[in-house]
*Asks:* 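Quick one: this structure, given as structure tokens, is what I'll be asking you about.
Quick note: residue numbers are just sequence positions, from 1.
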Amino acid sequence: MTRVWEWNRPVTVREVLEDLSRDRSIAYTTVMTVMDNLRQKGWLRREEEGRAYRYEAVSTRAAYSAALMNEAWSASDNPAAALVHFFGMMTPEQREAVRDALRIIQSVDPSGPAEAEGR
């Protein structure tokens with residue numbers, strides 16, 4: 001996903017392979033399989049172009065990260081405890097980013113994000 005986001009446009013498997021090959025040796029079929037798996041999971045979409053496909057991200061990196069965090073948090077049998085542990089791992093700068101994000105959410109919808117979703 002990182003490589004697709006970095007290109008910021010629809011890319012072919014070959015383009016991603018060439019990009020990855022600068023850092024390590026990797027097979028075309030490996031890249032193709034991973035990109036198809038990401039498509040099947042709904043993170044990439046593709047359009048046929050000749051004999052190849054062009055893949056593009058369905059969402060932004062920020063939305064992807066948020067979905068991963070939500071998935072992990074939702075899997076907890078004690079979400080409050082999970083948040084306490086998560087916040088405990090954060091640097092002061094990261095905790096300040098959380099405070100900033102909460103201020104933004106509250107200024108957009110003072111009732112909070114949970115109530116806004118229910119409308």
Side-chain angles (χ1 to χ4, degrees):
M1 288 300 303
T2 298
R3 301 299 172 133
V4 174
W5 284 315
E6 286 173 355
W7 283 80
N8 200 29
R9 64 167 175 77
V11 295
T12 64
V13 171
R14 175 79 47 208
E15 289 172 321
V16 174
L17 172 71
E18 289 171 1
D19 195 20
L20 289 169
S21 293
R22 289 184 224 159
D23 299 330
R24 63 178 180 222
S25 177
I26 189 165
Y28 179 92
T29 54
T30 301
V31 177
M32 182 178 64
T33 299
V34 169
M35 291 179 75
D36 192 56
N37 287 342
L38 289 168
R39 182 191 61 83
Q40 289 177 28
K41 290 180 179 185
W43 291 108
L44 293 176
R45 66 176 150 249
R46 72 180 185 192
E47 287 191 26
E48 199 167 356
E49 184 178 282
R51 292 178 38 187
Y53 289 104
R54 285 209 171 266
Y55 292 83
E56 67 181 319
V58 170
S59 64
T60 64
R61 175 179 265 171
Y64 177 75
S65 296
L68 289 176
M69 289 187 285
N70 188 54
E71 184 179 316
W73 186 49
S74 298
S76 174
D77 60 347
N78 187 340
L83 280 176
V84 168
H85 286 288
F86 180 63
F87 293 148
M89 291 186 248
M90 290 180 165
T91 65
E93 293 79 17
Q94 290 170 321
R95 285 194 294 275
E96 187 59 33
V98 169
R99 286 185 203 97
D100 291 344
L102 287 171
R103 279 192 286 274
I104 291 167
I105 293 296
Q106 290 168 344
S107 70
V108 171
D109 186 354
S111 65
E115 290 185 30
E117 289 175 5
R119 286 186 217 171

*Asks:* Does Tyr55 form a side-chain contact (heavy atoms from CB on, under 4.5 Å) with Val13? I'd like the steps, not just the answer.
*Replies:* CA-CA 8 Å; Tyr55 292 83; Val13 171; 3.8 Å; yes
*Asks:* Please give me the minimum heavy-atom distance between Val98 and Met90, naming the atom from each residue.
*Replies:*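 Of all heavy-atom pairs spanning Val98 and Met90, the closest is CG2-CE, 3.6 Å.
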*Asks:* Run the side-chain contact (heavy atoms from CB on, under 4.5 Å) test on Gln94 and Phe87 for me, step by step, so that the C-alpha distance in whole Å, both residues' side-chain angles and the decisive distance to 0.1 Å come before the verdict.
*Replies:* CA-CA 9 Å; Gln94 290 170 321; Phe87 293 148; over 6 Å; no
*Asks:* Taking Glu49 first and then Arg54, would you say they form a salt bridge - that is, a charged N and a carboxylate O separated by under 4.0 Å?
*Replies:*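 Arg54 and Glu49: salt-bridged.
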*Asks:* I'd like to know if Val11 and Met32 are part of one continuous hydrophobic network [Ile/Leu/Val/Met/Phe/Trp/Tyr, side-chain heavy atoms within less than 4.5 Å].
*Replies:*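 Yes; tracing contacts between hydrophobic side chains, which count when under 4.5 Å, links both residues.
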*Asks:* Looking at Tyr64 versus Trp5, is the centre-to-centre ring distance below 6.0 Å?
*Replies:*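 For Tyr64 and Trp5, the ring centres are under 6.0 Å apart.
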*Asks:* Any chance you could measure Gln40, atom CD, to Asp36, atom CG, to the nearest 0.5 Å?
*Replies:*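 Atom-to-atom, Gln40:CD and Asp36:CG are 4.5 Å apart.
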*Asks:* Yes or no on side-chain contact (heavy atoms from CB on, under 4.5 Å) for Tyr28 and Leu17, after CA distance, side-chain angles and deciding distance?
*Replies:* CA-CA 6 Å; Tyr28 179 92; Leu17 172 71; 3.8 Å; yes
*Asks:* Where do Thr2 and Arg61 land on the side-chain contact (heavy atoms from CB on, under 4.5 Å) test, with the steps shown first?
*Replies:* CA-CA 8 Å; Thr2 298; Arg61 175 179 265 171; 2.9 Å; yes
*Asks:* Report yes if some heavy atom in the side chain of Leu44 is under 4.5 Å from a heavy atom in the side chain of Met1; otherwise report no.
*Replies:*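 Yes. Closest side-chain heavy atoms under 4.5 Å.
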*Asks:* So, for Val4 and Met35, which heavy atoms are closest and what is the spacing to 0.1 Å?
*Replies:* CG2-CE, 4.3 Å
*Asks:* Heavy-atom distance under 4.5 Å between the side chains of Arg95 and Pro92, does that happen here?
*Replies:* yes
*Asks:* Going by the rule side chain to side chain contact (heavy atoms under 4.5 Å, CB included), which residues pair with Asp23 if we only count those two or more places apart in sequence or in a different chain?
*Replies:* Arg3
*Asks:* If you look at every heavy atom in Ala57 and Arg45, which pair is closest and at what distance?
*Replies:* O-NH2, 3.9 Å
*Asks:* Looking at Arg9 and Glu56, does any basic side-chain N land under 4.0 Å from a carboxylate oxygen?
*Replies:* no
*Asks:* Indicate yes or no: at least one non-hydrogen side-chain atom of Glu96 is less than 4.5 angstrom from one of Asp100.
*Replies:* yes
*Asks:* To the nearest 0.5 Å, what is the distance between CD on Glu18 and CD1 on Ile26?
*Replies:*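 One gets 13.0 Å once the value is rounded to the nearest 0.5 Å.
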*Asks:* List the atom of Trp7, the atom of Glu15, and the distance in Å for their closest heavy-atom pair.
*Replies:*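 Of all heavy-atom pairs spanning Trp7 and Glu15, the closest is CZ2-O, 4.0 Å.
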*Asks:* Are Leu68 and Leu38 joined in one hydrophobic group, where the rule is that I, L, V, M, F, W and Y side chains link up if heavy atoms are under 4.5 Å apart?
*Replies:*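 Yes; tracing contacts between hydrophobic side chains, which count when under 4.5 Å, links both residues.
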*Asks:* Locate the shortest heavy-atom distance separating Trp73 from Ala80; write the atom from each residue and the value.
*Replies:* NE1-N, 4.5 Å
